[in-house]
Amino acid sequence: MTQSSRNAPLDALRHDASTLLLALFDNALVGVYVIQDGLFAYVNETLARLFGYTQDEVCGRLGPLDLTDADTREHAAREIDKRVRGEVRASFYGFKGTRKDGSTFDTEVFGVATEFQGRPAIIGILMDVSKRVHAEKEAADQLAFIRGLVETIPNPVFYKDATGEYLGCNKAFEAFLGASRESFVGKSVFDLSPKELAERYHAADQALFDAPGTQTYEAQVKSADGSYRDVIFNKATFNRADGELGGLVGVILDITERKELEARIRQDAYFDSLTGLPNRRLFEDRVGEAFKLAKRHHTKLALLFIDLDRFKEVNDTQGHHIGDQLLIEAGQRIGSCLRESDTVARWSGDEFIVALSDVSDAGDATRVVEEVIGQISRPFHLSGQFAQVTASVGLAMYPDDCDNIEALLSCADQGMYAAKSAGRNGYCQFVPARQAAARARRDLAIDLRDALSRHEFHLHYQPIIDLKSGHIVKAEALLRWNHPSLGNVPPDRFIPLAEEMGLIGPIGDWVFQQACQDVMRWNQQRPAEHAMVQVSLNKSPRQILEGTSEVHWLDYLNDLGVPADYLNIEITEGLLLDASDEVFRKLDIFRRAGVEISLDDFGTGYSAMSYLKTFAIDNIKIDRSFVQDMLSSPSDQAIVEAVIAMAHKLGVRVVAEGIESEDHRALLIREQCDFGQGFLIGRPMPVAEFMARIQADAPARQVPRFEI
């Protein structure tokens with residue numbers, strides 16, 4: 001190529017330079033200017049319009065600094081000066097332009113040093129970039145907001161690119177891992193986590209990249225302190241501006257405490273807190289499944305009901321801590337006799353129950369029973385103390401003895417009581433001869449479930465008098481069940497059944513509510529000159545141990561407007577001897593509210609003297625067996641006299657039960673007994689009859705003894 005051919009385009013440009021320059025100056029999109037001697041020698045119409053002027057108002061009259069906001073004027077002056085002095089040939093910068101009306105806008109200029117009419121000049125273009133700057137500011141503000149928001153999120157947040165490498169995180173993520181973000185940005189999970197965890201994280205990330213969207217799953221993470229935490233990962237993919245996959249963002253929710261709480265709740269719900277064995281609820285679930293399998297595969301299932309003989313003696317004489325240790329070891333010994341497929345549970349107190357699945361015959365079951373009895377009979381060495389108990393075991397087989405779970409449990413229970421009656425330290429298998437009694441008991445249990453809703457319960461009240469005045473001051477509420485076909489069912493027959501079935505709570509609540517309504521009416525209608533009449537309610541051990549009556553009973557008293565001292569709660573001596581801190585706490589709630597507490601059947605088999613000192617009892621009731629025989633038995637009389645004297649020394653009032661003659665009453669008055677109850681005073685009677693008795697409230701005469 002010749003030199004002339006190479007210069008042809010440039011020669012053509014020079015030939016048409018004037019035409020091209022004029023076309024550029026007429027550009028309607030950008031402003032074009034020429035600066036010389038500090039003034040605009042030329043501006044196009046577009047530039048003049050941007051600043052709110054005409055071309056004539058700018059050219060030769062205004063300089064670039066006249067159109068520059070004060071905040072950026074110094075910067076613009078330096079840039080112009082560098083080109084004028086020849087330090088730089090071209091420059092590109094932005095500044096705030098000032099319009100004729102004083103408003104400002106964002107501009108960018110590109111200027112080149114040149115000559116105009118033989119003297120130095122600057123030629124350049126100017127663009128209004130206000131919209132772009134505003135958009136950039138909005139984007140920057142939004143990005144700053146998002147970054148600030150992410151940083152303040154208390155949960156760990158991280159984000160990765162499409163290859164799985166970390167792009168960044170928030171402060172919570174740094175704290176969770178115990179490392180700065182600089183230490184893991186650009187790294188993958190394989191650089192930060194144990195291999196087995198990293199492989200799972202990577203697989204989850206890849207699955208999300210393969211199917212973009214959201215992802216949630218549970219996993220474990222090794223935290224800053226080296227411990228493994230249970231977490232939930234919530235992840236979502238994000239795209240780049242071009243629509244291609246950019247990566248993912250993830251949020252970690254630490255659920256370790258929730259998992260631990262769930263485990264504790266499950267442990268509390270399904271396992272005995274003392275022995276760690278399955279409790280009644282879990283056992284019923286497991287034996288239900290075992291029963292279904294036995295029924296489906298035509299195999300046999302055996303239940304063993306185990307009671308520790310004389311355990312209470314160990315508890316009373318050697319202390320509850322020794323008793324607790326014995327129960328733990330007893331559960332372990334029973335478990336050592338079983339297969340993995342069998343289940344042992346703590347039923348209640350010192351009772352255990354075992355399910356033997358897939359046994360070939362009764363012989364297999366009895367061999368396990370004999371091994372259990374042998375294990376329990378071995379001495380227990382507990383905290384340096386020696387203890388000895390035995391076991392009474394009831395055995396029942398499906399399908400030999402019973403054809404359903406409820407009956408099987410009942411049969412095993414009956415077998416255990418039969419073993420105890422036969423002398424303890426042995427076992428008894430349910431036999432068909434007891435089937436009729438079991439069926440009757442089952443039918444009664446079925447009827448008992450609906451007795452409350454069918455309004456078959458009613459209350460009788462037995463008066464209790466002040467022995468000095470002879471006036472009625474208390475009444476013991478006694479529950480009666482009028483069965484539609486059996487008539488009056490004795491309480492000692494249906495109360496234990498109600499406890500076993502878990503019905504004692506709602507029945508007890510009904511008794512309480514009915515008694516509250518009755519005692520309110522008594523005291524509204526009693527003779528004005530007489531003291532109030534208090535109602536006594538028997539509260540079973542299971543009600544106290546398993547219920548929450550201390551809360552809703554007191555609420556009901558307040559709602560009904562019944563003074564708390566109208567109510568007296570009677571508990572058994574056995575409950576107080578076995579009482580835990582929880583029992584004392586519940587009873588103390590009643591007592592602090594003003595409800596009196598009485599100890600019933602005092603002296604029948606146990607000694608509660610120390611507990612009278614530990615827990616404030618308002619009244620003790622001397623058992624009828626001592627009162628009835630005190631006229632003929634000097635020892636019984638001495639016991640009655642001693643109990644009265646001891647109680648008064650402790651500030652406790654005494655109720656004597658079983659008063660059947662005037663001689664009984666006279667002796668008790670002589671010994672300064674406070675209150676009396678018995679057939680001489682009055683038999684249990686319906687509420688209407690009792691209210692009539694209160695209104696009359698004459699001193700009691702002797703009445704015949706009735707069997708109830």
Side-chain angles (χ1 to χ4, degrees), residues 404-407 409-410 413-414 434-464 474-522 533-549 552-553 555-557 559-560 562 566-572 600 677 679 682-694 705-708:
N404 63 78
I405 288 292
E406 219 173 87
L409 286 166
S410 177
D413 190 22
Q414 290 179 65
R434 298 191 182 95
Q435 202 161 15
R439 186 178 296 111
R441 192 170 184 269
R442 181 190 63 196
D443 293 343
L444 191 66
I446 293 171
D447 293 340
L448 184 60
R449 289 189 186 278
D450 299 321
L452 193 60
S453 62
R454 292 199 298 254
H455 308 291
E456 293 171 4
F457 291 121
H458 59 281
L459 294 182
H460 279 193
Y461 295 95
Q462 186 171 25
I464 301 172
K474 302 174 185 288
E476 182 175 359
L478 300 167
L479 182 63
R480 297 292 184 260
W481 181 15
N482 185 17
H483 191 280
S485 58
L486 300 176
N488 287 320
V489 180
D492 59 358
R493 187 178 173 193
F494 73 83
I495 292 294
L497 197 58
E499 289 186 333
E500 289 178 20
M501 299 170 62
L503 299 175
I504 197 64
I507 291 175
D509 290 345
W510 178 87
V511 170
F512 166 75
Q513 293 175 11
Q514 187 62 46
C516 284
Q517 296 170 22
D518 291 342
V519 75
M520 195 71 171
R521 288 198 297 271
W522 301 343
V533 178
Q534 185 185 70
V535 65
S536 293
L537 301 176
N538 294 288
K539 199 160 173 56
S540 78
R542 185 160 294 177
Q543 279 180 282
I544 294 176
L545 291 170
E546 299 178 1
T548 57
S549 57
H552 61 262
W553 280 21
D555 289 342
Y556 187 81
L557 283 177
D559 293 342
L560 200 62
V562 178
Y566 279 15
L567 181 65
N568 177 50
I569 291 176
E570 295 188 10
I571 60 174
T572 62
D600 198 8
Q677 179 179 359
F679 288 112
R683 61 180 176 78
M685 60 191 73
V687 61
E689 185 178 341
F690 182 74
M691 290 184 70
R693 175 76 182 272
I694 291 175
R705 175 175 178 172
F706 294 89
E707 295 294 338
I708 62 169

Asks: Once you measure the plane-to-plane angle for W481 and F457, does it fall in the parallel (<30°), tilted (30-60°) or perpendicular (>60°) bin?
Replies: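 W481 vs F457 ring planes: tilted.
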
Asks: In Å, rounded to the nearest 0.5 Å, how long is the span from CH2 of W510 to NE2 of H455?
Replies: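 Nearest 0.5 Å value for the CH2-NE2 distance: 10.0 Å.
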
Asks: Rounded to the nearest 0.5 Å, how far does CG of D509 lie from NE2 of H552?
Replies: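 Separation between the atoms: 3.5 Å.
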
Asks: Nearest heavy-atom pair of H483 and L444: which atoms, and what distance?
Replies: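 Shortest heavy-atom separation between H483 and L444 comes out as CD2-CD1, 4.3 Å.
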
Asks: Carefully, step by step, assess L537 and W553 under the rule side-chain contact (heavy atoms from CB on, under 4.5 Å).
Replies: CA-CA 12 Å; L537 301 176; W553 280 21; 4.3 Å; yes

Asks: In sequence, state the C-alpha distance, the side-chain angles, and the governing distance for H458 and N488, and then conclude on side-chain contact (heavy atoms from CB on, under 4.5 Å).
Replies: CA-CA 11 Å; H458 59 281; N488 287 320; 4.2 Å; yes

Asks: Distance alone, cut at 3.5 Å: any donor-acceptor contact between the side chains of E406 and S410?
Replies: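 Note: E406 and S410 side chains miss the donor-acceptor criterion.
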
Asks: How close do E570 and N538 get, counting heavy atoms only, and between which atoms?
Replies: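 Closest approach of E570 to N538: OE1-OD1, 3.1 Å.
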
Asks: Given R493, which of I495, L497, V489 fulfils the side-chain contact (heavy atoms from CB on, under 4.5 Å) condition?
Replies: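 Exactly one option meets the side-chain contact (heavy atoms from CB on, under 4.5 Å) with R493, and it is V489.
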
Asks: Give the minimum heavy-atom separation between P506 and L452, together with the two atoms involved.
Replies: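 Minimum heavy-atom separation between P506 and L452: O-CD2, 3.9 Å.
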
Asks: Hey, would you say the W522 and Y566 ring centroids sit under 6.0 Å apart?
Replies: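 No, they do not, as the ring centres are separated by 6.0 Å or more.
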
Asks: When rounded to the nearest 0.5 angstrom, what distance separates CG in D450 from CD in E456?
Replies: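 Nearest 0.5 Å value for the CG-CD distance: 8.0 Å.
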
Asks: Could you tell me if the side chain of M685 sits less than 4.5 Å from the side chain of P463, heavy atoms only?
Replies: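 SC-SC contact between P463 and M685 confirmed.
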
Asks: Is a donor from one side chain sitting under 3.5 angstrom from an acceptor on the other, for N568 and E476?
Replies: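 Side-chain D/A pair, N568 to E476: absent.
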
Asks: Could you tell me which non-hydrogen atom of R693 sits nearest to which non-hydrogen atom of G682, and how far apart they are?
Replies: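 Heavy atoms only, the tightest pair is NH1-CA, 4.1 Å.
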
Asks: Walk me through it: do L459 and V687 pass the test side-chain contact (heavy atoms from CB on, under 4.5 Å)?
Replies: CA-CA 7 Å; L459 294 182; V687 61; over 6 Å; no

Asks: Say you draw a straight line from SG of C516 to CG of L567; how long is it, rounded to the nearest 0.5 Å?
Replies: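 Output value for this atom pair is 6.0 Å.
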
Asks: Hey, what do you get for CD (Q517) to CZ (F512), rounding to the nearest 0.5 Å?
Replies: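 The distance works out to 10.0 Å.
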
Asks: Given the rule in the side-chain contact (heavy atoms from CB on, under 4.5 Å) test, do D447 and R454 qualify, once you have shown the distances and angles that lead to the verdict?
Replies: CA-CA 10 Å; D447 293 340; R454 292 199 298 254; 4.2 Å; yes

Asks: So which atom in P496 and which in P491 form the shortest heavy-atom distance, rounded to 0.1 Å?
Replies: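 What the structure gives for the nearest pair is CD-O, 3.7 Å.
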
Asks: Just verifying a value: how many Å separate I504 CD1 and L479 CG, rounded to the nearest 0.5 Å?
Replies: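 It is 8.0 Å, given to the nearest 0.5 Å.
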
